[in-house]
Amino acid sequence: MIGMGERTTAVAIEILCRRLFDTGQATRVIAIELPHSHAFMHLDTVMTMIDTSTFVLYPYFDRKPAQLDGDRG
């Protein structure tokens with residue numbers, strides 16, 4: 001999961017995905033679009049993983065943000 005905000009562009013995420021897939025380090029990458037605000041500069045400012053399947057989400061963050069979901073292939 002990668003945050004796509006003010007400093008991380010869709011092009012940069014595509015490049016990273018290619019490298020992760022080519023080296024076998026990932027089979028799936030999900031990019032979450034963050035609001036363009038300094039308060040949401042990093043993905044960990046809006047969500048924190050507390051268990052393998054549980055996240056705590058900032059209450060004012062859109063629960064259905066735009067996302068790019070890419071699989072190898």
Side-chain angles (χ1 to χ4, degrees):
M1 195 174 298
I2 302 173
M4 184 171 53
E6 289 186 12
R7 299 188 303 176
T8 306
T9 65
V11 171
I13 291 172
E14 287 179 25
I15 292 168
L16 177 61
C17 287
R18 239 179 272 127
R19 289 188 182 165
L20 291 171
F21 295 154
D22 290 348
T23 59
Q25 296 181 64
T27 57
R28 184 174 187 200
V29 174
I30 300 171
I32 304 292
E33 185 175 4
L34 299 172
H36 291 281
S37 164
H38 289 302
F40 299 103
M41 213 171 226
H42 302 281
L43 186 58
D44 65 352
T45 62
V46 294
M47 62 191 315
T48 301
M49 186 176 198
I50 60 171
D51 196 326
T52 57
S53 63
T54 306
F55 287 84
V56 175
L57 188 62
Y58 180 69
Y60 302 106
F61 184 63
D62 184 359
R63 292 187 178 268
K64 293 186 180 183
Q67 66 182 39
L68 303 172
D69 190 350
D71 291 314
R72 182 185 179 110

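Residues satisfying the side-chain contact (heavy atoms from CB on, under 4.5 Å) criterion with S53, sequence neighbours excluded, are absent altogether. In this structure, the side-chain contact (heavy atoms from CB on, under 4.5 Å) partners of M49, at least two apart in sequence or on a different chain, are F55.
With a 4.5 Å cut-off on side-chain heavy atoms, R7 and H42 count as touching. Annotation: side chain of I32 is not in contact with side chain of I2 (no heavy-atom distance under 4.5 Å). At least one side-chain heavy atom of I15 sits less than 4.5 Å from a side-chain heavy atom of R18.
For the atom pair CE (M1) and CG (L43), the distance works out to 6.5 Å, reported to the nearest 0.5 Å. The distance from atom CG of L34 to atom OG1 of T45, rounded to the nearest 0.5 Å, is 6.5 Å.
The backbone N or O of R19 lies less than 3.5 Å from a partner atom in the side chain of T23, making a donor-acceptor pair.
In plain terms, the two heavy atoms of A31 and I13 that are nearest each other are CB-CD1, 3.8 Å.
Connection of V56 to I30 is not established within any shared hydrophobic cluster, with ILVMFWY side chains joined at heavy-atom distances below 4.5 Å, either directly or through further cluster members.
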